[in-house]
Chemist: 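Before I ask anything, let me first share the structure, which is written out below as structure tokens.
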Amino acid sequence: MAKTDLEVHDDKPLTIAEFEAIAKTKLKQQVWDYYVSGAEDQISIQRNREAFTRLIIRPRVFRDVTKIDTAATLFGKEYAFPVGISPSAYQKLVGGDGELDVARAATGRKTLMILSTNATCSCEDVIDAAGGPDAHFWFQLYVSQNREKSARLIRRVEAAGYKALAVTVDTPVLGNRINERKTQLILPAPLSLPNMEDTDPDRSKKPSLNRELLQATNRQEADRVQEAARERGLLNDPSLTWNETIPWIRKQTSTMKVVVKGVMTAEDALLAVEGGADAIVVSNHGGRQLDGVSSTVEALVEVVDAVKGRVPVLVDGGITRGSDVFKCLALGADFCLVGRPALWGLAYDGRRGVEMVLDILERELSRTMALSGARNLQEIQRGMLGVERRDGFGIAKL
Ligand SMILES: Cc1cc2nc3c(=O)[nH]c(=O)nc-3n(C[C@H](O)[C@H](O)[C@H](O)COP(=O)(O)O)c2cc1C
Ligand SMILES: CC(C)CC(=O)C(=O)O
């Protein structure tokens with residue numbers, strides 16, 4: 001049907017929710033299920049989103065907001081705005097060149113990308129796509145039961161030019177993902193995981209041992225899979241501890257910062273700082289690990305208060321609006337990350353789609369800042385937020 005003069009909107013998605021709706025129509029059911037799902041009853045996924053709606057912005061006005069500066073610095077590197085991309089596995093399943101397109105988009109928009117251990121592109125190719133080590137990307141590390149293998153991977157990503165290791169601490173075993181158990185994810189043949197050493201030539205035809213373990217319906221089966229995996233060093237090591245693991249990782253690298261991803265309590269945040277972590281990512285793994293935990297913005301408050309500025313605090317989970325980013329920063333986060341929104345952009349149109357998603361978040365954040373009277377990130381203060389009073393009427397300041 002021909003467009004009328006009044007129809008100026010050219011059907012480009014304008015919100016992250018619209019990108020998600022389009023991704024749902026483009027992705028195969030099994031892939032969609034894998035990306036969108038969380039664990040068990042998906043309460044924490046829902047909570048991640050709902051918590052943002054409970055936070056109410058208290059805007060300041062008449063503050064000369066002609067110029068809005070969204071620049072954010074992490075480990076001495078300035079990024080154009082405080083929204084980077086969380087690590088997520090198997091991005092070639094989503095579309096385009098997978099991780100390469102995400103890397104190009106992150107560099108194009110001058111922001112941070114964290115590459116998953118379970119990437120479908122090699123860590124070297126991703127840095128090349130990003131234009132070299134100036135990109136200041138981080139690598140997400142799952143520590144394997146075979147430490148020599150993890151040590152080799154750390155040396156490899158350091159040589160490739162990654163600036164930090166984001167060690168995921170919330171996945172000693174996989175969460176109970178019902179969708180994945182019903183429709184198992186098997187990486188189709190040409191795809192592989194080039195950052196993981198696996199000697200099994202038929203690997204791509206089988207579910208991963210992580211996933212076989214998830215399928216085990218009784219203890220004997222689980223023990224059998226665990227034993228097979230231990231021999232090949234293919235599972236995340238469930239024996240990691242604060243005392244042992246960070247010092248061990250530190251010994252393997254002389255240049256990379258060590259970031260812990262997946263902290264949800266003040267207690268663990270303190271252990272992370274005392275144990276020498278260089279930054280913390282407050283994350284519940286997008287609700288895919290332990291269901292029933294709080295939203296990440298709720299956890300952010302206690303983590304920020306415990307850390308007291310000693311190391312940067314990042315947060316991810318349920319961020320789909322620039323105003324969500326504003327709320328995280330007001331609560332004291334230094335930087336935000338998005339997981340699924342980047343994947344919806346990738347499904348929409350490869351690199352361009354991811355850039356569009358980042359642009360939406362940047363524009364929405366800038367506009368929220370202007371409308372709230374914050375000219376730069378330092379001016380976004382906790383006092384700009386409130387919550388609805390439960391014991392009366394009005395807004396309680398945070
Ligand atoms: C499909 C998918 C795969 C993921 N894979 C990884 C991974 O390999 N390593 C990791 O640390 N986190 C992984 N995550 C968690 C993300 O890094 C991030 O914490 C989460 O997606 C943030 O929530 P959001 O998707 O609501 O933005 C994955 C998340 C999704 C949705
Ligand atoms: C291979 C998986 C452990 C990747 C992951 O973290 C996830 O699916 O959430």
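Any value given below was found using the heavy atoms of this structure, including those in side chains, with hydrogens, waters and symmetry copies removed. Note that ligands are numbered from 1 as they come in the structure, with each ligand's atoms numbered from 1 the same way.
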Chemist: Charged N to carboxylate O under 4.0 angstrom, Glu244 versus Lys251?
Modeler: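 Judged by the 4.0 Å cut-off on N to carboxylate O distance, Glu244 and Lys251 do not form a salt bridge.
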
Chemist: Which ligand 1 atoms does Ser116 reach within 4.0 Å, using its non-hydrogen atoms?
Modeler: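 Those of ligand 1 that fall under 4.0 Å from Ser116 are 7 (C), 8 (O).
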
Chemist: Any nitrogen or oxygen of Gly318, side chain or backbone, less than 3.5 Å from one on ligand 1?
Modeler: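 Yes; the residue has a nitrogen or oxygen that sits under 3.5 Å from a nitrogen or oxygen of the ligand.
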
Chemist: So, are Glu355 and Arg351 salt-bridged, with charged N and O less than 4.0 Å apart?
Modeler: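 Salt bridge between Glu355 and Arg351, a charged N being under 4.0 Å from a carboxylate O: yes.
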
Chemist: Using a plain distance cutoff, I'd like to know if Ala89 has any nitrogen or oxygen under 3.5 Å from a nitrogen or oxygen of ligand 1.
Modeler: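 It does: an N or O of Ala89 is found under 3.5 Å from an N or O of ligand 1.
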
Chemist: Would you please classify the geometry between the Tyr79 ring and the His136 ring as parallel, tilted or perpendicular, with 30° and 60° separating the classes?
Modeler: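 His136 and Tyr79: perpendicular rings.
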
Chemist: Hey, does the side chain of Glu302 reach the backbone of Ala266 with a donor-acceptor pair shorter than 3.5 angstrom?
Modeler: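 Here the side-chain-to-backbone pair exists.
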
Chemist: How long is the span from the CE atom in Met356 to the CD1 atom in Ile16, to the nearest 0.5 Å?
Modeler: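 Taking CE in Met356 and CD1 in Ile16, the distance rounds to 9.5 Å.
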
Chemist: Hey, is the main chain of Met196 close enough, under 3.5 Å, to the side chain of Lys149 for a donor-acceptor pair?
Modeler: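 Here the side-chain-to-backbone pair does not exist.
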
Chemist: Compute both the distance and the angle, then confirm whether Arg156 meets the cation-pi test with Tyr162: under 6.0 Å from the six-membered ring centre, within 45 degrees of the axis.
Modeler: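 Pair Arg156/Tyr162 does not count as cation-pi.
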
Chemist: For ligand 1, note which part of Ser283 has a heavy atom under 4.0 Å away: side chain, backbone, both or neither.
Modeler: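 The side chain, only.
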
Chemist: Can you find a side-chain donor-acceptor pair between Glu364 and Thr368 that sits under 3.5 Å?
Modeler: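 Note: Glu364 and Thr368 side chains miss the donor-acceptor criterion.
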
Chemist: Starting from atom 20 (C) of ligand 1, which protein heavy atom do you reach first, and at what distance in Å?
Modeler: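 Here the closest protein heavy atom is Gly286 N, 3.6 Å.
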
Chemist: Could Arg47 and Glu298 be called an ion pair, given the rule that one side-chain N must be under 4.0 Å from one carboxylate O?
Modeler: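 A salt bridge is present here (some side-chain N lies under 4.0 Å from a carboxylate O).
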
Chemist: Answer yes if Val311 and Val260 sit in the same cluster of Ile, Leu, Val, Met, Phe, Trp and Tyr residues linked by side chain heavy atoms under 4.5 Å apart, and no otherwise.
Modeler: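 Yes, one cluster joins them.
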
Chemist: Run Asp97 and Arg104 through salt bridge (Lys or Arg N to Asp or Glu O under 4.0 Å) and show every step you take.
Modeler: CA-CA 10 Å; Asp97 285 339; Arg104 291 173 187 130; 3.1 Å; yes

Chemist: Would you mind running through ligand 1 and noting each atom that sits below 4.0 Å from a heavy atom of Tyr35?
Modeler: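 In order of numbering, the contacting atoms are 1 (C), 31 (C).
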
Chemist: Report yes if some N/O of Arg340 lies less than 3.5 Å from some N/O of ligand 1; otherwise report no.
Modeler: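 Yes.
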
Chemist: Please name all residues satisfying side-chain hydrogen bond (donor to acceptor under 3.5 Å, both in side chains) with Glu158, sequence neighbours left out, ordered by chain then number.
Modeler: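 With sequence neighbours excluded, Glu158 shows a side-chain hydrogen bond (donor to acceptor under 3.5 Å, both in side chains) to Thr253, Thr255, given in chain and number order.
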
Chemist: I need the atoms of ligand 1 closer than 4.0 Å to a non-hydrogen atom of Thr168, numbered in the order shown.
Modeler: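 So the answer, numbered in order with elements, is 10 (C), 11 (O).
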
Chemist: Of the listed options (Cys336, Pro87, Pro341), which comes nearest to atom 6 (C) of ligand 1 when hydrogens are ignored and any heavy atom counts?
Modeler: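 Answer by nearest heavy atom: Pro87.
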
Chemist: Report the part of His285 in contact with ligand 1, treating N, CA, C, O as backbone and CB onward as side chain, heavy atoms under 4.0 Å; options are side chain, backbone, both, neither.
Modeler: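 The answer is both, backbone and side chain.
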
Chemist: So how far is it from Tyr90 OH to Leu187 CG, rounded to the nearest 0.5 Å?
Modeler: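 Result: 6.5 Å between the selected atoms.
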
Chemist: Out of Gly287, Ser88, Ser37, indicate the one that has the non-hydrogen atom closest to atom 4 (C) of ligand 1.
Modeler: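 The nearest heavy atom belongs to Ser88.
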
Chemist: Residue by residue, ordered by chain and number, which ones reach under 4.0 Å of ligand 2 with a heavy atom?
Modeler: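 Lining ligand 2 at under 4.0 Å, by heavy atoms, one finds Tyr34, Ala89, Tyr90, Asn118, Tyr142, Leu174, Arg177, Arg211, His285, Arg288.
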
Chemist: Considering the heavy atoms of Tyr142, write down every atom of ligand 1 situated less than 4.0 Å from one of them.
Modeler: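 That gives atoms 7 (C), 8 (O), 9 (N), 10 (C), 11 (O) of ligand 1.
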
Chemist: Membership question, hydrophobic clusters at under 4.5 Å side-chain separation (ILVMFWY): are Val126 and Phe139 in the same one?
Modeler: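 Yes, because Phe139 and Val126 connect within a single hydrophobic cluster, where side-chain heavy atoms sit under 4.5 Å apart.
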
Chemist: Can you figure out which of Ala342, Gly339, Gly38 has its heavy atom closest to atom 21 (O) of ligand 1?
Modeler: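 Answer by nearest heavy atom: Gly339.
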
Chemist: So for ligand 1, is Lys261 a polar contact partner (N or O within less than 3.5 Å, distance only)?
Modeler: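 The answer is yes, given that Lys261 and ligand 1 share an N or O pair closer than 3.5 Å.
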
Chemist: Any salt bridge linking Arg288 with Asp170? Criterion: basic side-chain nitrogen under 4.0 Å from a carboxylate oxygen.
Modeler: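 Not counted as a salt bridge, because no side-chain N and carboxylate O are separated by less than 4.0 Å.
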
Chemist: At less than 4.0 angstrom from any non-hydrogen atom of Ser86, what atoms of ligand 1 do you find?
Modeler: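 Counting from 1, the qualifying ligand atoms are 16 (C), 17 (O), 18 (C).
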
Chemist: Would Tyr90 count as a contact residue for ligand 1, given that I'm defining contact as a non-hydrogen atom of the residue lying under 4.0 Å from a ligand atom?
Modeler: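 False for this residue.
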
Chemist: N/O of Asn118 under 3.5 Å from N/O of ligand 1, yes or no?
Modeler: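 Asn118 vs ligand 1: no N/O contact under 3.5 Å.
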
Chemist: Can you pull out the closest protein heavy atom to atom 19 (O) of ligand 1? Residue, atom name and distance to 0.1 Å, please.
Modeler: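 Residue, atom and distance for the closest contact: Asp316 OD2, 2.7 Å.
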
Chemist: Below 3.5 Å, N or O to N or O, backbone or side chain included: is there any such pair between Leu343 and ligand 1?
Modeler: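 There is no such contact.
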
Chemist: Strictly below 4.0 Å, N to O, side chains only: are Glu20 and Arg49 in salt-bridge contact?
Modeler: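 Salt bridge absent between Glu20 and Arg49.
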
Chemist: Is Tyr34 in polar range of ligand 1, meaning some N or O pair under 3.5 Å apart?
Modeler: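 So ligand 1 has no N or O lying under 3.5 Å from an N or O of Tyr34.
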
